[in-house]
A.B. asks: 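After the structure tokens below, expect a handful of questions from me.
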Amino acid sequence: MDKVSIIIPTRNRSSYLERALEHAFAQDYPNFEVIVSNNASTDDTAHVLESLKTKYPNLISVHHPELLPLSTHWDKVIRDVSTGNIILLIPDDDVIIDKCYLSKAVRLFEKYPSIGLVFANFCSINPQFQRITNYEAKFDEFIPKEFLFNNYNKELFGITGIGVPHLTALFSRKAYLDVGGFDLDCMSPDTYLWLKILLKYDAGFVNEIVAEYLMHENNLSKKANIDQFYSDTLIPQKIQDLAQSIGSIDRNQIKTIKRMYEIFYRRYINITCPKGSWKRAYLKFLLKFK
């Protein structure tokens, strides 16, 4: 039976940890570990984790004395700390609400050996934990990699621009290592990883709402800096290079890569260009697309 590592990265958000651990340890799957990785928090995170170990003695906590870049942090915990064959890397403010989700996801990994990634539907909630929106895609339990890659960031979840949700995504350690893991510090390392995995591996899907995404002012995406927005614009070229290196590049993949160029670069120039000049910068950038 495959072991699942639930990894919860955290920094200065100790108030979310009890809720995060309550849901993580509620899973009915018999073989999993829970790791909280404290990225140089300056609040009482370390103290809170020690207190929570009395309630959850199997909790593994890791404390990094110096602040690590996001991708470096995630990669270090996956490679150096986790021991599972399957990884769930979930933000500290989001939770899995389906107690059977790990069991359902592992079943798909076992049933379809070509799968490298499993995900599911989710919902968003407000700070009062009231449901706002359901995000419900309609897929079969087995999704060919070509379909998901070629349609990435289209209206897969009923809303333009949403792809595989980070909070529900389980990925195999084999697939992670095979595509090089997190190797770029950017605002969207999850999107980058899913696209890399989908170049080589199929996906599995659980057609149920299994997780809650908490909407609040401290979401990490709202704290991104200009350098991280710029780094996102490097993702499509790195994806294209990987596709060419494994000999899988085709016209449909090129269309997806170009779409990702457009999405990431438009975000970047919208925050860096004076109002009214972004179109010129955008067109100039598109001329560089190979």
Side-chain angles (χ1 to χ4, degrees), residues 2 4 6 23 26-29 86-91 93-126 129-172 175 179 188 190-215 219 221 235 239 248 250-260 262-264:
D2 284 323
V4 178
I6 301 176
H23 285 80
Q27 286 294 307
D28 72 348
Y29 188 69
I86 298 172
I87 311 295
L88 171 62
L89 185 71
I90 186 168
D93 52 348
D94 300 328
V95 295
I96 300 296
I97 56 175
D98 182 346
K99 296 180 180 180
C100 304
Y101 181 50
L102 294 190
S103 298
K104 295 171 183 176
V106 171
R107 181 188 68 82
L108 295 180
F109 280 108
E110 293 174 344
K111 184 176 180 179
Y112 304 104
S114 64
I115 281 178
L117 169 71
V118 172
F119 65 104
N121 289 322
F122 69 104
C123 67
S124 61
I125 60 173
N126 63 23
F129 305 110
Q130 298 167 325
R131 188 168 294 196
I132 302 172
T133 306
N134 292 337
Y135 297 93
E136 298 182 88
K138 302 296 182 185
F139 297 124
D140 294 331
E141 66 176 21
F142 177 85
I143 311 174
K145 58 183 180 295
E146 296 84 3
F147 172 82
L148 196 52
F149 187 96
N150 293 343
N151 289 282
Y152 207 87
N153 270 81
K154 291 185 178 180
E155 294 187 7
L156 296 181
F157 286 82
I159 296 178
T160 302
I162 289 182
V164 173
H166 178 34
L167 71 163
T168 73
L170 287 90
F171 53 93
S172 72
V179 300
S188 308
D190 49 341
T191 296
Y192 176 40
L193 180 62
W194 313 150
L195 288 170
K196 289 201 296 182
I197 289 176
L198 291 170
L199 285 174
K200 301 187 73 171
Y201 294 87
D202 298 310
F205 180 69
V206 176
N207 188 18
E208 300 171 36
I209 292 176
V210 307
E212 291 179 340
Y213 173 75
L214 180 61
M215 302 283 290
N219 289 122
S221 59
I235 291 175
I239 295 296
S248 69
D250 61 30
R251 187 184 345 181
N252 289 323
Q253 289 174 329
I254 286 291
K255 287 180 180 179
T256 295
I257 292 168
K258 184 175 181 179
R259 186 165 63 251
M260 300 309 295
E262 294 170 351
I263 291 169
F264 288 132

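The figures here come from the full heavy-atom set of this structure, side chains too, leaving out hydrogens, waters and symmetry mates.
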A.B. asks: For residues Phe142 and Ser114, report the shortest heavy-atom separation together with the two atoms involved.
C.D. replies: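 Closest heavy-atom pair between Phe142 and Ser114: CE1-OG, 3.6 Å.
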A.B. asks: Could you verify whether a donor N or O on one side chain and an acceptor N or O on the other, from Glu146 and Asn150, lie under 3.5 Å apart?
C.D. replies: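 Per modelled atom types, Glu146 and Asn150 side chains form no pair under 3.5 Å.
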A.B. asks: Between Leu89 and Leu170, is the side chain to side chain contact (heavy atoms under 4.5 Å, CB included) condition met? List the steps.
C.D. replies: CA-CA 7 Å; Leu89 185 71; Leu170 287 90; over 6 Å; no
A.B. asks: Specify the closest pair of heavy atoms between Leu167 and Ala211, including all atoms of both residues, with the distance to one decimal.
C.D. replies: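 The pair with the smallest heavy-atom distance is CD1-CB, 3.5 Å.
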A.B. asks: Using salt bridge (Lys or Arg N to Asp or Glu O under 4.0 Å) as the criterion, list what pairs up with Lys200, not counting sequence neighbours.
C.D. replies: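 Here the qualifying residues are Asp178.
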A.B. asks: Closest approach of Ile125 and Glu212, non-hydrogen atoms and distance?
C.D. replies: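 Smallest interatomic distance, heavy atoms only, reads CD1-OE1, 3.5 Å.
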A.B. asks: Look up atom CG in Leu214 and atom CZ in Phe129, then write down how far apart they are to the nearest 0.5 Å.
C.D. replies: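 These two atoms lie 6.0 Å from each other.
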A.B. asks: At their closest point, which heavy atom of Arg259 faces which heavy atom of Tyr152, and how far apart are they?
C.D. replies: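 Scanning both residues completely, I find the closest heavy atoms to be NH2-O, 2.6 Å.
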A.B. asks: Pairing donors with acceptors under 3.5 angstrom, does anything connect the side chains of Asn121 and Asn207?
C.D. replies: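 Yes, side-chain donor-acceptor contact under 3.5 Å.
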A.B. asks: Hey, does Ser172 have a side-chain heavy atom less than 4.5 Å from the side chain of Phe109?
C.D. replies: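 Sidechains of Ser172 and Phe109: in contact.
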A.B. asks: So Met260 and Ile239, side chain to side chain contact (heavy atoms under 4.5 Å, CB included) or not? Walk me through it.
C.D. replies: CA-CA 10 Å; Met260 300 309 295; Ile239 295 296; over 6 Å; no
A.B. asks: Can you name the closest pair of heavy atoms from Ser103 and Asp28 and give their distance?
C.D. replies: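 So the minimum-distance heavy-atom pair works out to OG-OD1, 2.8 Å.
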A.B. asks: Would you compute the distance between atom CG of Asp190 and atom CG of Leu195 and round it to the nearest 0.5 angstrom?
C.D. replies: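 Rounded to the nearest 0.5 Å, the CG-CG separation comes to 9.5 Å.
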A.B. asks: For the pair Ser124 (side chain) and Thr133 (backbone), establish whether a donor and an acceptor sit closer than 3.5 Å, ignoring hydrogens and angles.
C.D. replies: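 It does hold such a pair.
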A.B. asks: I'd like to check Leu199 versus Lys145 (side-chain heavy atoms, cut-off strictly below 4.5 Å). Are they in contact?
C.D. replies: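 No - every pair of side-chain heavy atoms lies 4.5 Å or more apart.
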A.B. asks: If you measure from CG on Asp2 to CG on Leu102, what distance do you get to the nearest 0.5 Å?
C.D. replies: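 Those atoms lie 11.5 Å apart.
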A.B. asks: Arg131: which residues meet the salt bridge (Lys or Arg N to Asp or Glu O under 4.0 Å) condition with it, sequence neighbours left out?
C.D. replies: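 Expected list: none.
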A.B. asks: Would you say that Thr168 contacts Tyr101 through its side chain, given a criterion of any heavy-atom pair below 4.5 Å between the two side chains?
C.D. replies: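 They are in contact (side-chain heavy atoms under 4.5 Å apart), so the answer is yes.
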A.B. asks: Taking all heavy atoms of Cys123 and all of Tyr135, pick out the closest pair and write down the distance.
C.D. replies: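 Smallest interatomic distance, heavy atoms only, reads CA-CD1, 4.3 Å.
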A.B. asks: Could you list the residues that satisfy salt bridge (Lys or Arg N to Asp or Glu O under 4.0 Å) with Asp98, not counting sequence neighbours?
C.D. replies: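 For Asp98 the salt bridge (Lys or Arg N to Asp or Glu O under 4.0 Å) partners, ignoring immediate neighbours, are Lys104.
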A.B. asks: Can you confirm whether Ser188 sits close enough to Phe264 that some side-chain heavy atom of one is under 4.5 Å from a side-chain heavy atom of the other?
C.D. replies: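 Yes - at least one pair of side-chain heavy atoms lies under 4.5 Å apart.
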A.B. asks: Side chains of Ile97 and His23: closer than 4.5 Å at any heavy-atom pair?
C.D. replies: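 Yes, at least one pair of side-chain atoms sits under 4.5 Å.
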A.B. asks: How far apart are the C-alpha atoms of Ile143 and Asp202, what are their side-chain angles, what is the distance that settles it, and do they pass the side chain to side chain contact (heavy atoms under 4.5 Å, CB included) test?
C.D. replies: CA-CA 6 Å; Ile143 311 174; Asp202 298 310; over 6 Å; no
A.B. asks: Roughly how far, to the nearest 0.5 Å, is the NE2 atom of His166 from the CH2 atom of Trp194?
C.D. replies: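 Result: 6.5 Å between the selected atoms.
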A.B. asks: Are Phe171 and Ile197 packed together at the side-chain level, in the sense that at least one heavy-atom pair is separated by less than 4.5 angstrom?
C.D. replies: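 Touching, per the 4.5 Å side-chain cut-off.
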A.B. asks: State, with a plain yes or no, whether a side-chain heavy atom of Val164 is found less than 4.5 Å away from one of Leu148.
C.D. replies: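 A side-chain contact under 4.5 Å exists here.
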A.B. asks: Distance from Phe149 atom CZ to Gln253 atom CD, nearest 0.5 Å?
C.D. replies: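 That separation rounds to 5.0 Å.
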A.B. asks: When you compare the side chain of Tyr201 with that of Ile115, does any pair of heavy atoms fall below 4.5 Å?
C.D. replies: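 Ile115 vs Tyr201: side chains apart.
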A.B. asks: I need the Asp250 CG to Thr256 OG1 distance, nearest 0.5 Å.
C.D. replies: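 Going from CG on Asp250 over to OG1 on Thr256, the span is 9.0 Å.
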